[in-house]
Amino acid sequence: MNKRMLKGKSVLIAGGSSGIGLATAKSAHSLGARVILTSRDLQKAVRTAAQVGTGVVPMQLDINNEASVNSLFRSLDPVDHIYIAAGSTTIAPLLDNQLEELLKGFNERVVGSLRVVQAAIPRINEGGSITFTGGISTDRPIAGAWVSGLGTASAEQLARVLVMEFPHIRFNAVSPGYTDTPMWDQILGEKREEVLANVAKTLPIKKVADPEEVAAAVIFLMCNRSITGEVIHIDGGGRLV
Ligand SMILES: NC(=O)c1ccc[n+]([C@@H]2O[C@H](COP(=O)([O-])OP(=O)(O)OC[C@H]3O[C@@H](n4cnc5c(N)ncnc54)[C@H](OP(=O)(O)O)[C@@H]3O)[C@@H](O)[C@H]2O)c1
């Protein structure tokens, strides 16, 4: 594996304005890739791209919206590598909520990712790759987060089921454990630090992951031309406890 392989390659980050996607955008940029950074909010993408560095291209993308996905790929030259960070976490008890409402989280991660794949396949260079995002809830479900567990498991399975259909492209997934990103601001609010500190105590390595550590796995999957159909877990041993 040679990280210099990213030099001059175009790398699209679906959900590059924050957390793991942003860390991946920074890493790819530092390795000489031509980075396309997306947010649902174009102005946010513009601001974030400017922070990441010169030449980073900001674009609008909402993977829930087919027109947005198609419009993005129509406006781009062929790309080499795509990382789909986009996806939200739904924590809501099954019996208290309408199924259709709950399944929006599942649809975003799975149908949204498939929308990106459908639009990308004709526009991705041979030898390119698509990396999906799963998560610890595949293996360690928590009460009320069944939607997320279904979604992450399916996103990880996407990395396997598409390999035979499109063998000229590699498909992989990262599966983050608890990772210190702005995602937790929204979910935990003021309790964020306390909850993440308590989670860290339960992990074999006694720390939650940094977004840069998950990004490093994404970059590894982009650069290693012999890995396809793989899921890399960055969970500090969280699946073992
Ligand atoms: N942090 C963790 O502990 C953890 C653990 C397991 C899995 N994950 C997964 O890892 C991924 C990245 O998480 P993160 O922690 O980095 O979260 P984050 O900081 O909240 O970042 C989420 C990113 O996804 C974008 N996004 C959200 N919904 C989107 C949509 N419908 N279409 C396009 N872009 C969308 C956001 O962009 P805008 O808001 O600017 O549109 C943002 O750039 C997510 O799929 C998350 O579920 C995270």
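Each ligand, and each atom within it, is numbered from 1 in the order the structure gives.
- Within the structure, ligand 1 lacks Gln186 among the residues with a heavy atom less than 4.0 angstrom away.
- For a threshold of 3.5 Å applied to N or O pairs, the pair formed by Asp41 and ligand 1 contains no separation below that value.
- Heavy-atom proximity to Asp62, at under 4.0 Å, picks out these atoms of ligand 1: 30 (C), 31 (N), 32 (N), 33 (C).
- Close N/O approach between Thr133 and ligand 1 is not found [any backbone or side-chain N/O within under 3.5 Å].
- Any N or O atom pair closer than 3.5 Å counts here, and Gly21 shares no such pair with ligand 1.
- Within ligand 1, counting atoms from 1 as listed, the ones closer than 4.0 Å to a heavy atom of Arg109 are 45 (O), 46 (C), 47 (O).
- Remark: minimum distance from atom 24 (O) of ligand 1 to any protein heavy atom is reached at Ala86 CA, 3.6 Å.
- Judged by the shortest distance from any of its heavy atoms, Ser68 lies outside the 4.0 Å radius around the atoms of ligand 1.
- Considering backbone and side-chain atoms together, Ala14 places no N or O closer than 3.5 Å to any N or O of ligand 1.
- Between Ser88 and ligand 1, a contact under 3.5 Å exists for no N or O pair.
- At under 3.5 Å, a nitrogen or oxygen of Trp184, whether backbone or side chain, sits near a nitrogen or oxygen of ligand 1.
- With a 4.0 Å cut-off on non-hydrogen atoms, Lys44 touches ligand 1 through its side chain and not its backbone.
- For atom 22 (C) of ligand 1, no protein heavy-atom neighbour is found at a distance under 4.0 Å.
- Listed by number with element, the atoms of ligand 1 under 4.0 Å from a non-hydrogen atom of Ile20 are 10 (O), 16 (O).
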Donor-acceptor pairs under 3.5 angstrom involving side-chain atoms of residues 51-64: please list them, not counting sequence neighbours.
from  : atom 1 : to     : atom 2 : distance (Å)
Gln60 : OE1    : Ser68  : OG     : 3.0
Gln60 : NE2    : Arg40  : O      : 3.0
Asp62 : OD1    : Asn64  : N      : 2.9
Asn64 : ND2    : Glu108 : OE2    : 3.1

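- The ligand atoms of ligand 1 that sit less than 4.0 angstrom from a heavy atom of Gly15 are 23 (C), 24 (O), 25 (C), 43 (O).
- For ligand 1, the polar-atom distance check against Ser17 finds a nitrogen or oxygen pair separated by under 3.5 Å.
- Ligand 1 does not have Ser148 within reach: every non-hydrogen atom of the residue lies 4.0 Å or more from it.
- Any N or O atom pair closer than 3.5 Å counts here, and Tyr83 shares no such pair with ligand 1.
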